[in-house]
Every structure is written in structure tokens, then in C-alpha cells.
Amino acid sequence: VGFVVDNLVLASVSAAFAIGLATLIGIAAFRNLSGSVAESILAFRPQWLAEYKRIQKQHPRGMLTMIFVARLSPHMPFAASNLMIAQLDLSLIKTTLVSLAGLLPRSLFAVLLGAKMTEIKQLAEMKNLGWDSLASLVIVAILVLWVVKKWMVPRLTRSAISKSSTNHS
């Protein structure tokens with residue numbers, strides 16, 4: 001989206017709207033599947049099924065926190081997480097809003113990165129900068145995403161689980 005739209009605010013709003021709409025449609029569509037069908041689909045990856053079972057055992061507030069953390073991390077495909085979330089006994093509006101809140105940071109990062117890449121491309125064309133500058137930016141972006149995935153997400157997940165288990169007790 002950052003490459004297509006020159007206005008960063010418009011690109012961000014468009015991305016947020018698209019993510020919200022896709023989440024709402026995905027969760028609503030999967031609500032009609034029975035729990036056993038959903039579990040058999042999630043069983044293709046044991047960690048997805050394990051996460052679904054773990055979230056299912058949570059108090060509703062803990063479920064919302066776990067949904068937020070699951071959406072924040074890109075470890076599960078969008079459709080699989082929609083399927084998992086659709087099977088939880090929570091309102092469609094709450095799950096959509098929490099999902100949107102979890103998806104927005106990485107989506108806005110992608111929009112911002114796209115906009116910056118456009119700027120770098122324009123600079124490279126004007127001042128004959130080498131692609132080594134672009135490679136440096138890509139390496140930094142990969143490192144940032146790696147740190148988020150390996151350090152921040154597990155830490156947030158452990159924190160959410162411990163808070164949820166203390167609230168549930």
C-alpha cells in the first residue's frame with residue numbers, strides 16, 4: 001500500500017480498513033464451521049491446535065489478550081487465526097476489534113516501510129545511490145522483525161498467560 005498511495009495517512013487508514021474488513025469477513029465466515037471441523041483443519045500444524053486449545057481454556061478477558069498477542073505475531077497465517085478465533089465463544093465485534101489492534105502495528109510498519117522504500121528508490125534514481133543502501137535498510141528491517149518475533153512476542157505471551165491464570169484462579 002505504501003508504494004501505491006503517496007499520502008502516508010491515507011495509506012495507513014486504507015490498510016486499517018482493509019485489515020478490519022478482512023478480519024470481520026474471515027471470522028464471520030468461519031463461525032459456521034463446527035468445532036471438530038475447525039480442530040481438524042488446525043491440526044495440520046500441531047502448534048496451531050495447541051494454541052487454540054490454550055486460548056479456549058482462558059477466561060474471556062484472557063482470550064482477548066491471547067488473541068491480541070496471536071495477531072501481533074506473524075507465526076500463524078491470517079486464515080488459520082481467523083478460523084481459530086471464530087470458534088471461541090466471544091462476540092464478533094470484540095474479536096474483530098482486538099484482532100485489528102493486534103494486526104495494526106505490523107501492518108502500519110509495512111505501510112511505513114513501503115513509503116520509505118519509495119523514498120529510497122527516488123533518492124537512488126536521483127543521486128545515483130547504490131543498492132547497498134537499500135540492502136542495509138532491508139537488513140535492519142529483518143533484524144527488527146527478528147527481535148520482535150524472538151524476544152518481544154514470547155515475553156508478551158508469557159505475561160498474558162501468567163496474568164490470565166492469576167485472574168482465572
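One-based numbering along the sequence shown. Hydrogens, waters and symmetry mates play no part in the numbers below; they use all other heavy atoms, side chains included.
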Would you mind listing every salt bridge (Lys or Arg N to Asp or Glu O under 4.0 Å) that reaches into residues 14-33, with sequence neighbours excluded? none
Going by side chain to side chain donor-acceptor pair (under 3.5 Å), name the residues that satisfy it together with E39, two or more places apart in sequence or in a different chain. K53
Hey, what do you get for CD1 (I27) to CG (N82), rounding to the nearest 0.5 Å? 5.0 Å
Can you tell me how far CE of M84 sits from CE of M66, rounded to the nearest 0.5 angstrom? 8.0 Å
Output the distance between atom CD1 (I67) and atom CG (L72), rounded to the nearest 0.5 Å. 13.5 Å
Among Ile, Leu, Val, Met, Phe, Trp and Tyr joined by side-chain contacts under 4.5 Å, find the other residues sharing a cluster with I25 and list them by chain and number. F17, L21
Please name the pair of heavy atoms, one in F30 and one in A79, separated by the smallest distance, quoted to 0.1 Å. CE1-O, 3.5 Å
With clusters defined by side-chain heavy atoms of hydrophobic residues (ILVMFWY) lying less than 4.5 Å apart, directly or transitively, does V69 cluster with I19? no
F78 versus T23: any side-chain heavy-atom pair under 4.5 Å? yes
Side-chain donor-acceptor distances from residues 95-111 under 3.5 Å, at least two apart:
residue: T95; atom: OG1; partner: S91; partner atom: O; Å: 3.1
residue: T95; atom: OG1; partner: L92; partner atom: O; Å: 3.0
residue: T96; atom: OG1; partner: L92; partner atom: O; Å: 2.7
residue: S99; atom: OG; partner: R71; partner atom: NE; Å: 3.2
residue: S99; atom: OG; partner: T95; partner atom: O; Å: 2.8
residue: R106; atom: NE; partner: R71; partner atom: O; Å: 3.3
residue: R106; atom: NH2; partner: R71; partner atom: O; Å: 3.2
residue: S107; atom: OG; partner: L103; partner atom: O; Å: 2.9

